[in-house]
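Numbering starts at 1 and runs along the sequence shown.
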Amino acid sequence: MTAQSVRLSTFPVAFRWRFSHASASRDRAENVILALGAPQEASYGEACPRDYVTGETPGSVVAFLEERGGELAGSLSSLEALRTWMIANRALIDANPAAFCALELALLDRLGRAQGKSLEVLLGGPRRDGPFRYSAVLGAGGYAGFFAQALAFRAAGLFDVKMKLSRDPARNLAKAKWLKRIFGGRLRLRADANNLWQDPAECIAQLAPLAPHIWAVEEPLAAGDLPGCRALRKALGIKIILDESLCRLEQLKGLSEDPEAWVLNLRVSKMGGILRALEIAEAAAAQGLAFIIGAHVGETSLLTRAALAVAACAPEAPLAMEGAFGTRLLKDDLVPQPIMFRRGGLLVPGLQPWTQVPGNGLPVEERRLRPLAG
């Protein structure tokens, strides 16, 4: 097959409020949107590169897709061909997971449309139809925004909460106590440190007062510091959620000796797409490892849709879902009806219009995009 042209754009939509954590603070989306085909019939994919997660930047994503996107779009014309290429080029995807994710999502959308199948049916059929329940996510900013967002989530009936940690342990503890007052006895709270500490002993000391209030902490230490995380687990008794430490299949090695200690955070963009996220979910199930389906802050409905395909087709149900904020966080989205959770954090795919359309089912409005070089 001959190479096909790919169109690269961005959708730097502003947030309704600034979102901060230990590794970054942002007030707008940072993404690369890939389109295959003419605007009226195009298939789309989204990359959310995060240099502190996979080392990628918008520039590196654009460079990869300009070099490889057209050739691959022209040659990978079936699901079997896509899987075969991915196996042969695992190291290349490992180095460019967000970039490949954008391409893979567009290819799966195109294949689904051509075969008249939804993403889930294309992938072999859903194991579950939902409803899926999403988590509230609170940033590490000041008290005013924290209280406003917490009260809004409580009013919406969400009780599964993820709280980003700051460098101030007293503030972290105060926020956790306030969340117990706001959400009451139904609160299920986990924390996300975003690799805040380097020294395990310091980390244990800083987290000890908070530990009785949370069931897990995400990425407390430098990425890949599993011995330090095991020491933290032993000292405080809370589970460790792996995010930056879990981007590739090979990183599951060594976790099977104590699977009860770990929870994996599967973000579709950082994993390299739907197929690689499902591959890790399959391996995790075989090792007795639980997982969360995560989201990079600022994802559009394209990646929310991809994450739902993973949730539907994974061998086990996720412990929690993140994302699907839609225009609760973004001031706009790429589709007329953004994919968003409703009251109680629930999202029922069967009630969504895109479930009746092949591929990802999303009518992207290209007028909202800002073209990039390519």
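- Scanning for salt bridge (Lys or Arg N to Asp or Glu O under 4.0 Å) contacts around R50 gives E30, with sequence neighbours left out.
- For D333, the salt bridge (Lys or Arg N to Asp or Glu O under 4.0 Å) test picks out no residue, with sequence neighbours left out.
- The salt bridge (Lys or Arg N to Asp or Glu O under 4.0 Å) pairs that include a residue from residues 176-186 number zero, where partners must be two or more places apart or lie in different chains.
- L346 belongs to no multi-residue hydrophobic cluster, having no ILVMFWY side-chain contact under 4.5 Å with any other such residue.
- Sorted by first and then second residue, the ring-ring contact (aromatic ring centres under 6.0 Å, His included) pairs involving residues 77-109 (not counting sequence neighbours) are W85-F100.
- Listed by chain and residue number, nothing satisfies the side-chain hydrogen bond (donor to acceptor under 3.5 Å, both in side chains) test with Q198 (two or more places apart in sequence, or in another chain).
- Relative ring orientation between F146 and Y143 is described as perpendicular, the plane-to-plane angle rising above 60° on a 0-90° scale split at 30° and 60°.
- Each salt bridge (Lys or Arg N to Asp or Glu O under 4.0 Å) pair with one or both residues in residues 79-93, not counting sequence neighbours, appears once here: R90-E279.
- I241 belongs to a hydrophobic cluster whose remaining members, ordered by chain and number, are W215, V263, I292, L319; membership requires side-chain heavy atoms of ILVMFWY residues under 4.5 Å apart, directly or through intermediates.
- The salt bridge (Lys or Arg N to Asp or Glu O under 4.0 Å) pairs that include a residue from residues 313-323 are K162-E322, R190-E322, where partners are two or more places apart or lie in different chains.
- Partner of Q251 under the side chain to side chain contact (heavy atoms under 4.5 Å, CB included) criterion, chosen from I280, L264, L246: L246.
- Salt bridge annotation for R276-E104: absent, with no cationic side-chain nitrogen under 4.0 angstrom from a carboxylate oxygen.
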Without placing hydrogens or testing angles, list every side-chain donor-acceptor pair under 3.5 Å for residues 224-231, not counting sequence neighbours.
| residue | atom | partner | partner atom | Å |
| --- | --- | --- | --- | --- |
| D225 | OD1 | G228 | N | 2.9 |
| R230 | NE | D258 | OD2 | 2.8 |
| R230 | NH2 | G254 | O | 2.7 |
| R230 | NH2 | D258 | OD1 | 3.0 |

Between side-chain atoms of residues 119-128 and protein atoms elsewhere (two or more places apart, or another chain), which donor-acceptor pairs fall under 3.5 Å?
| residue | atom | partner | partner atom | Å |
| --- | --- | --- | --- | --- |
| E120 | OE1 | R305 | NH2 | 2.9 |
| E120 | OE2 | R305 | NH1 | 2.8 |
| E120 | OE2 | R305 | NH2 | 3.4 |
| R127 | NH1 | C313 | O | 2.4 |
| R128 | NH1 | A311 | O | 2.7 |
| R128 | NH1 | A314 | O | 2.8 |
| R128 | NH2 | A314 | O | 3.1 |

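- Within the structure, the salt bridge (Lys or Arg N to Asp or Glu O under 4.0 Å) test picks out no pair touching residues 133-151 (sequence neighbours left out).
- For D27 and K331, the salt-bridge test fails: no basic side-chain N is under 4.0 Å from an acidic carboxylate O.
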